[in-house]
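Notes to accompany the following structure.
Letters A, B, ... mirror the listed sequences (proteins, then strands); counts begin at 1. Atoms considered below: every heavy atom in the structure, side chains included; atoms not considered: hydrogens, waters and symmetry mates.
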There are 2 protein chains.
Amino acid sequence: MKTKIGDVAKLAGVSPTTVSRVLNNRGYISKETRENVHKAMRELNYFPNDLARSLFNKRTNLIGVIFPTTSNPFYGELIFHLENICAEQGYKVLLCNSLNSIEKEEKYVEMLLRNQVDGIIVGTHNHGIIDYHKQNLAVVAVDRYLSETIPIVSCDNYDGGRKATELLVSKQCEYIIHINGQSDIETPAQQLRRKAYEDVLHECGKKPITYEVPQTFDPKSQDEIIQRILDEHPHVDGVFASNDLFAASFIREAKRRGKKIPEDVKVVGYDGTETAQTLLPELTTIQQPIHSIAQTTVDMLLKGISGEFHNIKSETKLPVTLIEGETT
Amino acid sequence: MKTKIGDVAKLAGVSPTTVSRVLNNRGYISKETRENVHKAMRELNYFPNDLARSLFNKRTNLIGVIFPTTSNPFYGELIFHLENICAEQGYKVLLCNSLNSIEKEEKYVEMLLRNQVDGIIVGTHNHGIIDYHKQNLAVVAVDRYLSETIPIVSCDNYDGGRKATELLVSKQCEYIIHINGQSDIETPAQQLRRKAYEDVLHECGKKPITYEVPQTFDPKSQDEIIQRILDEHPHVDGVFASNDLFAASFIREAKRRGKKIPEDVKVVGYDGTETAQTLLPELTTIQQPIHSIAQTTVDMLLKGISGEFHNIKSETKLPVTLIEGETT
DNA sequence: CTGAAAGCGCTTACAG
DNA sequence: CTGAAAGCGCTTACAG
């Protein structure tokens with residue numbers, strides 16, 4: 001049997017009330033009693049049951065974190081920071097990999113609700129699911145517009161898209177193609193990058209061409225699209241990919257077809273994760289400040305939990321950085 | 001206020017007991033009553049409070065997952081699969097990124113204990129912390145030997161080390177260096193790879209040289225070691241790195257110094273994550289079956305939770321695969 | 001087939 | 001400074 005507060009009380013010769021008080025540092029307790037209780041707790045190797053405490057307090061210090069998958073280095077790194085920052089503040093993270101499946105997301109949200117999380121951080125589509133159930137629940141979205149009342153933390157996607165495209169233009173690329181995630185009304189993140197790409201191309205009288213990769217995390221369909229790009233546009237000489245993995249896949253296939261990077265085709269990626277920078281350091285990319293995103297997100301969420309925002313429309317836009325490598 | 005079982009009962013015109021029974025599908029309930037209750041639940045958008053249920057049941061369906069960091073693609077992918085498999089089976093994952101800090105690990109373990117997790121999956125050193133507190137707690141270790149009584153799931157590290165080193169030898173490398181994580185009594189995973197490397201070199205009369213990279217996840221100290229390797233052994237012509245990130249860093253620096261890969265130096269990595277295979281597809285590596293590791297680990301843990309193993313020494317060794325790329 | 005009572009492990013007014 | 005009582009939201013014997 002696990003030891004409980006009564007066991008400690010008995011051993012220390014006090015009431016459970018008193019043990020609870022030393023546990024919570026509440027009210028006056030004589031030094032002697034406090035020490036006795038502490039001794040008893042140590043002796044019995046006692047750990048309070050947070051379930052019982054939370055049930056009473058209506059506060060779990062639990063945060064739900066929903067993203068497509070920790071397998072993707074951008075999310076892997078973001079979630080690392082999110083969890084780490086939460087832990088520092090005494091919050092615990094319930095991890096949900098939804099793989100962009102609406103069905104899974106719904107199940108996860110229900111699970112989080114049942115577990116009485118204090119707040120949720122979402123980085124997936126979430127077609128209004130959360131808003132509907134929103135009941136004293138703090139929610140912050142990362143790079144997604146979930147609803148009018150949910151604060152959002154994102155990077156300057158339009159600026160990122162411009163920086164990437166303008167670099168290609170300035171390097172004399174004539175035939176610039178954009179590889180994007182599947183378009184989706186709920187994720188203007190991608191759309192803003194695309195919009196910027198299109199704006200820049202229009203400004204220099206070029207025709208934008210965008211290919212969309214389904215967000216299914218299936219490497220096959222990704223490869224297929226890349227084959228198609230190179231089949232249909234053998235003269236492509238510039239590519240702006242909306243994440244570093246797409247960029248890497250493109251480079252791979254272009255090289256296989258005998259194209260030299262950057263001489264024949266220049267490539268810019270997006271995200272600039274530590275992992276991608278280590279594995280493919282030569283890649284030119286738009287780097288997102290992952291740590292800042294995490295910090296800002298947790299800050300917002302904790303404010304939300306302590307009731308500091310109330311249906312205020314809020315959007316935080318963090319700056320991105322162009323990292324020039326050797327693929328441009 | 002959140003709606004609770006009493007609210008549902010009132011609306012459905014029954015007692016809380018009855019609502020609980022339809023919730024748990026327990027005992028006989030008339031069809032009509034069941035339907036009324038369901039209707040009331042829907043109407044009130046009711047979700048049972050899992051805290052209260054768990055408190056009574058002494059079962060949380062919570063699994064603690066402790067690894068160094070989701071930022072590392074191997075752990076990112078492993079944790080993705082672990083979480084996904086857990087979710088399928090109705091378990092929820094509490095994520096802990098311990099960064100190999102013993103202090104953090106201890107805090108996390110205590111946190112998990114307080115939260116009454118049903119089991120823990122550990123992939124970090126854990127100097128006996130868990131075993132000490134082991135109290136009805138199922139624990140499975142991934143690639144770490146924690147104690148005699150904790151089952152372990154790992155890959156055949158010795159075979160991986162042999163395969164990697166033998167490949168280099170068969171490709172006529174004369175001067176083969178091994179880059180390993182920091183040695184540590186509790187992590188024979190790394191040591192087995194190293195042992196295999198040393199055995200193979202001894203077998204062909206060569207002198208093994210191993211460099212250790214501190215497991216601090218600090219890119220600087222990693223770069224430093226790699227500089228040192230190339231400074232101290234300018235004639236190195238073969239490298240076996242115990243993970244793909246080390247391999248990538250080495251390749252980067254070797255190229256910077258004008259060495260051609262694989263002509264001048266051949267490199268074999270380790271892990272073979274999807275991410276590394278996408279970003280650095282030309283890397284020769286020893287691939288670990290991440291999905292199988294996750295599946296086996298969860299299977300073991302669930303058996304442990306249902307009391308199916310009792311201090312039985314158990315080790316599962318999964319096979320690794322050599323993936324020949326273009327760096328050898 | 002259904003309900004009243006007791007209890008899961010804790011905490012907080014309320015007394016003293 | 002300390003304790004007995006009630007209650008957090010649920011579940012399960014036990015009656016009926």
Write out a two-atom table: protein N or O, nucleotide N or O from nucleotides 11-15 of chain C, distance below 3.5 Å.
residue : atom : partner : partner atom : Å
dT11(C) : OP1  : N24(A)  : OD1          : 3.3
dT11(C) : OP1  : N24(A)  : ND2          : 3.0
dT11(C) : OP1  : R53(A)  : NE           : 2.6
dT11(C) : OP1  : R53(A)  : NH2          : 3.0
dT11(C) : OP2  : S20(A)  : OG           : 2.7

For Q288(B) and C155(B), the nearest pair of non-hydrogen atoms, with its separation, is OE1-SG, 3.2 Å
Within the 4.5 Å heavy-atom criterion, are Y75(B) and P68(B) side-chain neighbours or not?
yes
To the nearest angstrom, the CG-C1' distance between L55(A) and dG9(D) comes to 5 Å
With the side chain defined as heavy atoms from C-beta on, V14(A) is closest, among dG9(D), dG9(C), dG3(D), to dG3(D)
Tightest non-hydrogen contact, residues P151(A) and M300(A), listed as CB-CE, 3.5 Å
K92(B) vs N115(A), test: side chain to side chain donor-acceptor pair (under 3.5 Å). Steps then yes/no.
CA-CA 10 Å; K92(B) 308 156 259 182; N115(A) 282 276; 3.1 Å; yes
| task | For R34(B) and N36(B), run side chain to side chain donor-acceptor pair (under 3.5 Å): C-alpha distance rounded to whole Å, both residues' side-chain angles, the deciding distance at 0.1 Å, then the answer. | result | CA-CA 5 Å; R34(B) 181 192 307 277; N36(B) 280 338; over 6 Å; no
Residue set satisfying salt bridge (Lys or Arg N to Asp or Glu O under 4.0 Å) with R114(B), at least two apart, ordered chain then number -> D50(A), E110(B)
Do the side-chain N or O atoms of S30(B) get closer than 4.0 angstrom to the phosphate oxygens (OP1, OP2) of dT2(C)?
yes
F47(B) CZ to dC10(D) P, in whole Å, measures 13 Å
Between CE of M41(B) and C1' of dC10(D) the distance, given in whole Å, is 14 Å
For DNA chain C, the expected dot-bracket line (Watson-Crick or G-U under 3.5 Å, [ ] crossing, | inter-strand) is |||.||||||||.|||
Interatomic distance, CZ@F80(A) vs CZ@F67(B), rounded to 0.5 Å, equals 15.0 Å
Taken to the nearest whole Å, NZ/K10(B) to C1'/dG3(C) is 16 Å
Atom NZ of K58(B) and atom C1' of dC10(D) are separated, to the nearest Å, by 13 Å
Expected list for residues 31-38 of chain A near DNA chain D, using heavy atoms below 4.0 Å, is T33(A)
Check your understanding: Does OP1 or OP2 of dT2(C) have a side-chain N or O of T18(B) closer than 4.0 Å?
Key -> no
With sequence neighbours left out, the residues meeting ring-ring contact (aromatic ring centres under 6.0 Å, His included) with H291(A) are H81(A)
#### Entry: Test side chain to side chain donor-acceptor pair (under 3.5 Å) applied to T124(B) and E105(B), step by step
CA-CA 8 Å; T124(B) 52; E105(B) 263 178 60; 3.3 Å; yes
Whole-Å distance, N115(A) CG to dC8(D) P, equals 20 Å
message: Please check: side-chain N/O of D118(A) versus main-chain N/O of N61(A), any donor-acceptor pairing under 3.5 Å?
response: yes
Open item on the list: Whether K2(A) contacts dC8(C) is assessed here as follows: a side-chain N or O lying under 4.0 Å from the phosphate OP1 or OP2. Is that the case?
Closed with: no
From CG of N25(A) across to C1' of dC1(D) the rounded distance in Å is 15 Å
For N97(A) and N84(B), the nearest pair of non-hydrogen atoms, with its separation, is O-OD1, 3.9 Å
Among the nucleotides dC1(D), dG9(C), dA4(D), whichever has the atom closest to the side chain of Y28(A) is dC1(D)
Residue pairs passing the salt bridge (charged side-chain N to carboxylate O under 4.0 Å, His left out) test with at least one member in residues 75-85 of chain A, sequence neighbours excluded, are none
Q116(B) CD to dG9(C) P, in whole Å, measures 9 Å
